[in-house]
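Report on the structure given below.
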Amino acid sequence: MMADANKGYVGPIPPGKKIKIVFVIGGPGSGKGTQCSKIVNQFGYTHLSAGDLLREEVKSNTEQGTMIQNFMHEGKLVPSDVSVRLLLKAMLASGNDKFLIDGFPRDEENREAYEKIINIDPEFVLLIDCSREEMERRILHRNQGRDDDNMDTIRRRFQVFEESTLPVIQHYEKMGKLRRVMWNMEYNTMKLYVVSTQ
Ligand SMILES: Nc1ncnc2c1ncn2[C@@H]1O[C@H](COP(=O)(O)OP(=O)(O)OP(=O)(O)O)[C@@H](O)[C@H]1O
Ligand SMILES: O=c1ccn([C@@H]2O[C@H](COP(=O)(O)O)[C@@H](O)[C@H]2O)c(=O)[nH]1
Ligand SMILES: [Mg+2]
């Protein structure tokens with residue numbers, strides 16, 4: 001992180017490294033993971049999905065894994081310090097300096113914990129704006145065997161998105177950091193939109 005570019009930075013990332021972070025937010029099934037995979041292939045970002053990191057942790061069969069599994073099964077958000085520390089660990093392990101962070105922050109508490117622990121301002125926040133009807137259709141056709149892709153949990157995940165994630169989106173909108181792309185936008189148009197900010 002360059003001293004001038006990050007004046008006042010206090011955090012765990014080694015000084016002298018300029019880290020670029022883009023948050024990718026959207027409702028459940030809006031296509032965050034799909035679009036991140038396309039972007040990283042072309043632009044050298046590391047894609048970190050908070051949900052995938054949590055699912056990996058569940059596989060560890062630890063007490064923490066079981067706790068995470070219960071939260072995810074109910075469509076609730078796991079405690080912020082857990083998700084932020086998993087993200088930080090993955091960032092440090094990657095050695096890269098450009099990250100697309102998919103599905104995070106999900107609520108104001110996540111955002112505050114991120115600011116406390118990692119403390120790197122996102123370049124911008126990409127919102128994939130998708131109709132609920134389309135998101136539901138996509139999740140129900142996804143067939144990835146996800147424990148939370150059932151109608152009861154899906155309802156709860158939508159509720160969390162509307163009640164807890166929308167305030168985060170509004171926060172970044174007020175800061176002028178929000179870039180909104182529509183779910184039915186052509187990928188090439190969206191790519192130009194994203195890349196034009198590089
Ligand atoms: N533009 C698109 N058109 C049609 N289907 C799409 C599109 N983008 C993604 N999908 C499909 O929709 C499903 C959900 O996409 P994806 O897993 O990327 O969403 P997500 O936002 O990461 O969801 P979650 O929040 O549940 O992790 C997948 O089956 C994916 O193949
Ligand atoms: O920051 C986060 C991200 C995710 N979760 C939990 O994981 C599931 C699935 O997330 P996806 O992004 O859809 O893969 C989500 O419903 C939460 O239970 C979280 O707690 N915090
Ligand atoms: Mg996803």
Side-chain angles (χ1 to χ4, degrees), residues 21-43 45-59 65 68-80 82-84 86-87 90 99-111 114 122 124-173 177-191 193-194:
I21 296 212
V22 175
F23 289 141
V24 181
I25 304 187
S30 55
K32 301 179 292 297
T34 304
Q35 302 307 336
C36 284
S37 303
K38 294 187 183 198
I39 296 167
V40 291
N41 283 341
Q42 293 191 24
F43 300 106
Y45 281 86
T46 293
H47 172 202
L48 297 178
S49 154
D52 286 351
L53 293 171
L54 291 167
R55 277 183 282 278
E56 273 304 306
E57 196 61 19
V58 168
K59 287 188 202 155
I68 294 173
Q69 185 174 32
N70 292 336
F71 274 96
M72 291 176 90
H73 180 70
E74 290 181 28
K76 292 183 182 164
L77 299 179
V78 308
S80 298
V82 173
S83 40
V84 174
L86 287 175
L87 281 170
F99 300 94
L100 284 182
I101 300 191
D102 155 3
F104 181 91
R106 292 284 245 266
D107 67 0
E108 286 288 271
E109 194 200 294
N110 277 177
R111 184 178 66 73
Y114 170 89
F124 61 91
V125 177
L126 183 66
L127 169 66
I128 303 185
D129 197 345
C130 189
S131 72
R132 172 148 175 179
E133 203 183 28
E134 175 68 10
M135 292 193 278
E136 253 183 51
R137 194 189 65 74
R138 289 181 183 180
I139 293 177
L140 293 171
H141 287 88
R142 177 156 54 181
N143 287 329
Q144 284 178 357
R146 270 177 57 167
D147 177 48
D148 56 352
D149 280 356
N150 64 79
M151 219 40 234
D152 275 354
T153 313
I154 290 169
R155 254 185 238 114
R156 177 73 193 150
R157 286 160 67 198
F158 278 122
Q159 193 184 345
V160 169
F161 179 68
E162 278 154 22
E163 289 174 4
S164 305
T165 313
L166 287 184
V168 178
I169 293 169
Q170 283 158 0
H171 169 87
Y172 287 117
E173 191 162 32
K177 293 225 172 215
L178 196 71
R179 310 268 149 90
R180 190 183 295 256
V181 292
M182 303 307 289
W183 62 282
N184 49 2
M185 200 181 246
E186 284 285 327
Y187 177 65
N188 280 336
T189 316
M190 181 166 122
K191 191 174 74 182
Y193 188 81
V194 175

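The structure displayed is predicted, hence computed values, not measured ones. The chain is numbered in sequence order, starting from 1.
- When atom types are taken as modelled, the side chain of Arg157 and the backbone of Asp148 share a donor-acceptor pair closer than 3.5 angstrom.
- The shortest distance between side-chain heavy atoms of Ile25 and Pro105 falls below 4.5 Å.
- Judged as a salt bridge (charged side-chain N to carboxylate O under 4.0 Å, His left out), and not counting sequence neighbours, the contacts of Arg137 are Glu134.
- Contact detail for Gly103 and Ala50: the closest heavy-atom pair is O-CB, 4.0 Å.
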Open item on the list: Assess the residue pair Leu54 and Val82 against the criterion (side-chain contact (heavy atoms from CB on, under 4.5 Å)); give the C-alpha distance rounded to whole Å, side-chain angles, the decisive distance to 0.1 Å, and a yes or no.
Closed with: CA-CA 9 Å; Leu54 291 167; Val82 173; 4.3 Å; yes
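- A 4.5 Å side-chain heavy-atom check between Val168 and Asn110 finds every atom pair outside the cut-off.
- Residues His171 and Glu108 meet the side-chain proximity criterion, which asks for heavy atoms closer than 4.5 Å.
- At a threshold of 4.0 Å, the pair Lys76-Asp107 does not count as salt-bridged, since none of the basic side-chain nitrogens sits closer than that to a carboxylate oxygen.
- Expressed to the nearest 0.5 Å, how far CZ of Arg180 lies from CD1 of Ile128 amounts to 12.5 Å.
- Of the candidates Asp147, Asn150, Thr153, Asp147 is the only one forming a side chain to side chain donor-acceptor pair (under 3.5 Å) with His73.
- Between Glu109 atom CD and Ser80 atom OG the span is 3.5 Å, to the nearest 0.5 Å.
- Inter-residue side-chain proximity for Val78 and Arg106 is flagged as unmet; no heavy-atom pair is nearer than 4.5 Å.
- Remark: Arg55 engages Asp52 in a side-chain hydrogen bond (donor to acceptor under 3.5 Å, both in side chains) (not counting sequence neighbours).
- In terms of heavy atoms, Lys32 sits closest to Asp102 at CB-OD1, 3.5 Å.
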- [ ] Apply the test side-chain contact (heavy atoms from CB on, under 4.5 Å) to residues Phe43 and Val22: give CA-CA distance (whole Å), side-chain angles for both, the deciding distance (0.1 Å), then the verdict.
- [x] CA-CA 12 Å; Phe43 300 106; Val22 175; over 6 Å; no
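- Within the 4.5 Å cutoff, the side chain of Cys36 has no heavy atoms near those of the Tyr45 side chain.
- How far CE of Met182 is from CG of Asp129: 4.0 Å, rounded to the nearest 0.5 Å.
- The side chain to side chain contact (heavy atoms under 4.5 Å, CB included) test with Leu127 singles out one residue from Val24, Thr165, Leu178, Val181, and that residue is Leu178.
- Nearest approach of Pro28 to Phe161, heavy atoms of both residues: CD-CB, 4.2 Å.
- In this structure the side chain of Val125 never reaches within 4.5 angstrom of the side chain of Glu173, judged on heavy atoms.
- From Leu53, atom CG reaches atom CZ of Phe104 across 11.0 Å, with rounding to the nearest 0.5 Å.
- Looking at every heavy atom in both residues, Ala90 comes nearest to Leu48 through CB-CD2, 3.7 Å.
- Looking at every heavy atom in both residues, Glu136 comes nearest to Ile154 through CG-CG2, 4.3 Å.
- Here CE of Met135 is found 12.0 Å from CG of Leu140. Values are rounded to the nearest 0.5 Å.
- A tilted orientation is assigned to the rings of Phe23 and Tyr172, their planes being inclined by 30° to 60°.
- Here the CD1 atom belonging to Ile101 is positioned 4.0 Å from the CD1 atom belonging to Ile21, to the nearest 0.5 angstrom.
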